[in-house]
Amino acid sequence: MDGDTYEVRSSTGNTVTVRLFGMDAPESDQPYGDKATKAARRYLSDERVRVLVREEGAYGRTIARLHIQGRSLAELLVRDGLAWHSDRYAPDETELRRLERQARNADRGLWAESDPIPPWDWRDGERHSSSSTTAPGELPYAPNGPDRDCGDFRSQEQAQRFYEAAGPGDPHRLDGDGDGRACETL
């Protein structure tokens, strides 16, 4: 269907809509959305897949991992720079976090863009880059605005400024180990 949502036909003939666990691909109408979908189709290409169900999610979709010949589709897409690790829904997915960091550092896929817009912002209507118009030291988002996660920030320093401006209590859950440093993986 797109880079992170698939229709899977079981061996019994039933069709199930599956949303990949742990990552979020660009929307179809945003940059790299089409590339993510094409890459997923290329990886899947009528292959038999192993579906490891995590939970039933919103919108009637099954949240699952898909494995093709022992390889995780989510890991392949994040490694290729065609998806974000979803820190909000899979904060303990260290491999996806590592693969995203590698893709960022290598300017691979969507990370070749100066400031790619995460799909959760795209869905919320933020189709322009908020941080590209932000002067050094300014915050890209309102600290009391919608919930943000580490994937929303270009650097640890940017996340730290936001974390400190949001006030006590870490309302955005950016400091996983409680040491006062936000988004240390950035």
Side-chain angles (χ1 to χ4, degrees), residues 1-104 106 108-113 116-127 141 145-153 172-174 176 183 185-186:
M1 298 174 71
D2 62 23
D4 54 32
T5 308
Y6 312 92
E7 289 205 350
V8 177
R9 188 173 27 260
S10 71
S11 56
T12 62
N14 295 335
T15 300
V16 178
T17 301
V18 173
R19 170 73 165 78
L20 278 185
F21 172 77
M23 53 80 71
D24 202 352
E27 295 298 316
S28 298
D29 63 339
Q30 84 176 99
Y32 287 87
D34 190 46
K35 289 180 182 182
T37 301
K38 286 178 180 175
R41 286 181 180 150
R42 190 175 59 252
Y43 282 126
L44 294 169
S45 66
D46 297 323
E47 291 284 336
R48 294 176 68 78
V49 299
R50 184 170 183 212
V51 179
L52 304 167
V53 176
R54 293 280 304 200
E55 62 185 287
E56 288 301 317
Y59 315 112
R61 298 181 298 191
T62 299
I63 310 299
R65 299 173 193 263
L66 293 182
H67 288 264
I68 311 140
Q69 298 177 353
R71 300 183 321 173
S72 161
L73 179 59
E75 289 177 6
L76 292 169
L77 293 171
V78 171
R79 178 201 68 192
D80 292 347
L82 296 173
W84 279 258
H85 161 243
S86 178
D87 192 52
R88 182 177 191 173
Y89 295 110
D92 298 327
E93 286 295 314
T94 56
E95 182 63 7
L96 288 173
R97 181 177 288 118
R98 183 186 71 76
L99 291 168
E100 180 183 311
R101 188 172 49 249
Q102 284 181 347
R104 281 179 188 243
R108 194 175 308 127
L110 60 89
W111 301 112
E113 298 293 316
I117 301 167
W120 48 90
D121 286 345
W122 189 268
R123 289 187 294 266
D124 288 343
E126 296 180 29
R127 285 167 166 68
Y141 309 107
D147 189 36
R148 299 291 175 187
D149 60 37
C150 292
D152 291 329
F153 301 98
H172 296 274
R173 299 173 308 286
L174 299 176
C183 304
T185 59
L186 294 176

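One is the number of the first residue; the rest follow in order along the sequence. These numbers come from a predicted model, not from an experiment.
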* Smallest separation among heavy atoms of A90 and G22, with atom names -> CB-CA, 3.6 Å
* R98/E95 ion pair, N-O < 4.0 Å -> yes
* Structure fact -> Taking every heavy atom of V78 against every heavy atom of A103, the minimum-distance pair comes out as O-CB, 3.7 Å
* Asked: Under 4.5 Å between any side-chain heavy atoms of H85 and L99, yes or no?
  -> no
* Structure fact -> Nearest heavy-atom contact between W111 and G81 is CD1-CA, 3.9 Å
* **Heavy-atom side-chain proximity of V49 to L73 below 4.5 angstrom** => no
* **Ionic contact status for R97 with E93, cut-off 4.0 Å** => no
* Do S72 and H67 come within less than 4.5 Å of each other through their side chains, counting heavy atoms only? -> yes
* To do: Show the numbers, then the answer: is there a side chain to side chain contact (heavy atoms under 4.5 Å, CB included) between W122 and D29?
  => CA-CA 9 Å; W122 189 268; D29 63 339; 2.9 Å; yes
* Approximate separation, where rounding is to 0.5 Å, of Y43 OH and L76 CG -> 4.5 Å
* **Note, V51 side chain near Y6 side chain (heavy atom, < 4.5 Å)** => no
* Test item: T37 side-chain N/O and G3 main-chain N/O as donor-acceptor pair under 3.5 Å -> yes
* To do: Please report the shortest heavy-atom distance between C150 and L174, naming the atom on each side.
  => N-CD2, 3.8 Å
* Structure fact -> Taken to the nearest 0.5 Å, the spacing of E27 CD from D34 CG works out to 13.0 Å
* Give, for atom CD of E113 and atom OH of Y32, the distance between the pair rounded to the nearest 0.5 Å. => 4.5 Å
* Reported CD1-to-CG distance for the pair I63 and L20, which is rounded to 0.5 angstrom -> 9.0 Å
* Structure fact -> Rounding to 0.5 Å, atoms CG (L82) and NZ (K35) come to a distance of 8.5 Å
* To do: Would you indicate whether the side-chain heavy atoms of P119 and Q30 approach each other to under 4.5 Å?
  => yes
* Asked: Using 4.0 Å as the upper bound for N to carboxylate O, is an ion pair formed by R108 and D80?
  -> no
* **Residue pair D4 / A25: nearest heavy atoms and the distance that separates them** => OD2-N, 2.8 Å
* Asked: Heavy atoms, side chains only, cut-off 4.5 Å: are E75 and L96 in contact?
  -> yes
* Look at R19 together with D2 and state whether they make a salt bridge at an N to O cut-off of under 4.0 Å. => no
* Asked: Does any N or O in the side chain of S10 come within less than 3.5 Å of the main-chain N or O of N14, such that one atom is a donor and the other an acceptor?
  -> yes
* Search all heavy atoms of P26 against all heavy atoms of A83 and return the closest pair with its distance. => CD-CA, 4.4 Å
* **Separation of R79 CZ from Q102 CD (nearest 0.5 Å)** => 10.0 Å
* Asked: Hey, does T62 have a side-chain heavy atom less than 4.5 Å from the side chain of E56?
  -> yes
* Asked: Taking C-beta and beyond as the side chain, do L110 and W84 meet within less than 4.5 Å on heavy atoms?
  -> yes
